[in-house]
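In the text below, chain A, chain B and the rest are named by the order of the sequence lines, each starting its count at 1.
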Amino acid sequence: MIDVARGSAARILPVVTVLGILTVFWYVMAIPLNAPRLDLDETAGLSTLARAAWSMDRPILPAPHQIAGELWSSVLFHPLTSSRNLLYHAWVTLSAALAGLAIALALGIALAVGIVYLRTLDRSLMPWVIASQTVPVLAIAPMVVVVLGNLGITGLLPKAAIAGYLAFFPITVGMVTGLRAADPLQLDLMRTYSAAPLAVFTKLRWPMSLAFLFPGLRVAVALALVGAIVAELPTGAQAGLGARLLTGSYYGQTIQLWATLVMAALLSIVALLVVGAVERAVLHARGGRL
Amino acid sequence: MRHICGSAPCAAVLALVTGGIARASLVGSPAFALLTTLVTLPLLVLALTRFARRDTLAARLASPALFGALLLWLWEMLVLGLHIPFVLLPPPSAIAAAFATHIGTLVTDFRQTYLHAVVAGYALGCGAGFAVALAMDRSPFLRRGLLPLGNLASVMPIVGVAPIMVMWFGFDWPSKAAVVVVMTFFPMLVNTTAGLAATGAMERDLMHCYAAGYWPTLLKLRLPASMPFVFTALKLNSTLALIGAVVAEFFGTPILGMGFRISTEAARMNMDIVWATITVAALAGSLSFGAIALIERAATFWHPAFRR
C-alpha cells in the first residue's frame, strides 16, 4: 500500500514540476512577446507592464488564466446549442471523428482479414496500404470537403471519410500483426480438433488479435480527431473546432484560438481515456487475459 | 486461360495490352471496351496470384506494381465509362496532362513548400527532439516529468497550432517550418527515449565490465541500439512534416506553395491542377520515406529485420 502511494507520488511529482516550470516560463514569455503591442509610457514599471501584458484583448501570447477564463465562460455561460459554446463545436468534431472511426474499424479489419487469408492481397495490397500513409492525405482534406459540398453532399459524411482514411491504417497494421500472432502450437491444436477455418478465426485468431487492436485503436482515435478538425478548415464549415480555429485566425482572436486548441487537446485526452476504459472492460470480461 | 498463358509475366503483359485496347476503344465503341475489360480483369488476377506464389525479388516488386497499375486503370475506366463529373474525380490521364502543362508552377510550389519549409522544419524538429531526449537521459527526474507530457503531446491534434505560428512568424515559409518543428519534435523525443532504454541488462553489464563510462557506453552501445527507434520516428516525421507545411499554408501564405495551390485551384474547380499537386506531394512523401528506409538499412544492418 505504501509502495503504491510512493510510486504514484514519484510519478506525479516530476510531471507537476515540469508543468509548473512551463507555466512560469509561459507567463514570463508573455511579457516581451506582448509588450510591443502595448501603449505604455517608457517609465512604466515591470509590474504595470506585466499586468497589462497578461490582460490584453488580442495578445500575441495569451496568459494561461486568460485561456482558462475563455474556456470556462464559453462552456458555462452559453447554452449547449449556441455557436459560442465550445462544447457544441467539440461535439460537432467528435461526432465526425466517431463516424470516421466506425468506417476505419470496418475497413481496417476487413482489409486485415483479407491480407492475412489471401496471399495475393498480402503481396499486392499491403505495400499500397503502407504507401497510402506517405501521401499527405490531410492536405487534400479541405478539397474533398469542398468538392463533395458542390455535389450536395455536406455535413458529417465528407469529414468522416477523411477521418476514416487516416484512422484505418493503424487498425489494419495492428490487426494484420494480431491475426498472425496465434501460437503455432495452438493452431496445431485446432487442427487436431479438425476445426473449420471459421472456428479457428472466431475461437483463436480473433481473440488473439484484440491485444493488438487496442494500441492501434489509440493511435486511430487521435488521427480521426486530427482528420475531423482539418476537414473543418474550409471556409464553408459552420461549426466544429476546425471552423472555430479558422475564424479565430481570421479575426485575430488569439484567446479564442488558444481556447479551441486546449479544447481539442482535452477532447483527445477524453477519447484516449474512453479507449483505455473499453480495453480494461474487455480484459475484465475475458477473465483478465488479453 | 491457364493453358494459353502459364507464366505470370506473360499474363501480366497480355493484361496490360488488353487493358490498353479497352482504354483506347472506350470512346469509340463502349461495347468492345466492356468486352476487353472482361478479358483483362481475370488475366490481371491470374498474374497477381502467380506473382504472389514466387519469392524472387522481381516477383515481390511486380506484385505491388501490377496492383497499382490495376488501380490506376480501373480509376481511368470507371471515371470515363460512367461519365463521373470532372470536378469530382478527373481521370489519371487528365492529371498526367495537367502535370506536364503546369510543371513550372509545380516546381516553384515544391521549392517553396518542400525545400524551404519542410526540410528546415524537419531538420530542426528532429534535431531538437533528439537533443532533448539525450539531455533527458542524463536526468531521471526530467525524464519522468517530460516523458508523460511528450507521450500525450504526440497524440494531440498539434496541427492546430498552425494559425498561431502563421500569426507569429508571418506568411512566408518560416511559419510553416515552425509548424513542422512542433509536429516532428514529440515523436522524435518519445522514440529516441524508448530507443535509449532498449539495451539489455547483459549488454550494459558487459560495458560495465569493460569499465566504460557514460560516454563510451552511450556512443558504442546505446546510440547504435537506439537507431531502429530513431529511424521509426524519422520515417513517421517525413509524412507529418509535409502535412504540417501544407496545412499551415491554408492559414495564409504568399501566392505560392502546394497548400496554397490546392486550396485556390480547388475553389476555382481546376481539379486537374489540384490532383497534379497532390501527385507531387505523394511522390515527395513516398520518395523521402523510401530514402530514409534505405539509409535505415545501411545504418542498422545488424538488426534482425534486415539480416539474411
Side-chain angles (χ1 to χ4, degrees), chain A residues 10-11 13-19 21-22 33 60-61 118-128 131 133-143 146-148 150-151 218-219 221-222 225-226 229-230 233-234 241-242 245-246 248-249 252 254 257-258 260-261 264-265 267-269 272, chain B residues 45 48-49 51-53 59-60 63-64 66-68 70-71 85 87-89 140-146 148-149 152 154-164 166-168 238-239 242-243 246-247 250-252 258-259 262-263 266-267 269 271 274 277-278 281-282 285-286 288-290:
Chain A
R11 269 208 309 275
L13 186 67
V15 177
V16 171
T17 314
V18 169
L19 276 179
I21 293 171
L22 280 181
L33 274 173
I60 305 261
L61 179 66
L118 296 175
R119 195 176 157 82
T120 312
L121 277 185
D122 178 29
R123 281 292 167 77
S124 50
L125 183 60
M126 195 59 189
W128 287 101
Q133 299 305 304
T134 66
V135 178
V137 186
L138 275 182
I140 61 169
M143 188 202 76
V146 168
V147 167
L148 288 181
N150 274 313
L151 294 172
R218 247 178 253 136
V219 181
V221 165
L225 275 174
V226 173
I229 289 174
V230 174
L233 287 184
L241 293 177
L245 277 181
L246 199 73
S249 134
T254 35
L257 205 62
W258 279 91
T260 311
L261 265 184
L267 198 59
S268 57
I269 292 175
L272 288 177
Chain B
V45 172
L48 279 175
T49 26
F51 273 130
R53 283 194 205 141
R60 276 176 174 275
S63 278
L66 204 58
F67 195 79
L70 169 69
L71 286 183
V87 285
L88 181 59
L89 194 64
F141 186 81
L142 205 60
R143 184 169 64 239
R144 280 205 296 273
L146 271 178
L149 297 177
L152 201 59
S154 53
V155 292
M156 289 285 160
I158 290 193
V159 74
V161 301
I164 292 164
V166 171
M167 221 173 265
W168 284 1
S238 70
T239 318
L242 199 51
I243 288 176
V246 170
V247 171
F250 295 149
F251 286 98
M258 287 152 80
I262 288 174
S263 51
M269 291 291 136
M271 297 320 281
V274 172
T277 310
I278 292 166
S286 312
S288 37
F289 189 93

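Note on A/Leu267, A/Ile269, A/Val221, A/Val16: by heavy-atom pairs under 4.5 Å with chain B, the leading option is A/Ile269. Contacts with chain B were tallied for A/Leu272, A/Leu257, A/Leu245; A/Leu257 has the most, counting heavy-atom pairs under 4.5 Å.
Within the 4.5 angstrom heavy-atom criterion, only side-chain atoms of A/Thr254, from C-beta onward, approach chain B. Only the side chain of B/Leu149 comes within contact range of chain A, judged by heavy atoms closer than 4.5 Å. Neither the backbone nor the side chain of B/Leu66 comes within less than 4.5 Å of any heavy atom of chain A. Neither the backbone nor the side chain of B/Val166 comes within contact range of chain A; no heavy atom of the residue lies under 4.5 Å from a heavy atom of that chain.
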For side-chain contact (heavy atoms from CB on, under 4.5 Å), just list the numbers for A/Leu246 and B/Phe250, CA-CA rounded to whole Å, side-chain angles, deciding distance to a tenth of an Å, and then say yes or no. CA-CA 9 Å; A/Leu246 199 73; B/Phe250 295 149; 6.0 Å; no
Evaluate the criterion side-chain contact (heavy atoms from CB on, under 4.5 Å) for residue pair B/Ile164 and A/Leu261; output intermediate values, then yes/no. CA-CA 10 Å; B/Ile164 292 164; A/Leu261 265 184; 3.4 Å; yes
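The nearest pair of heavy atoms linking A/Val15 to B/Pro148 is CG2-CG, 3.7 Å.
Note that CD1 of A/Ile21 is 8.0 Å distant from CG of B/Leu142, once rounded to the nearest 0.5 Å.
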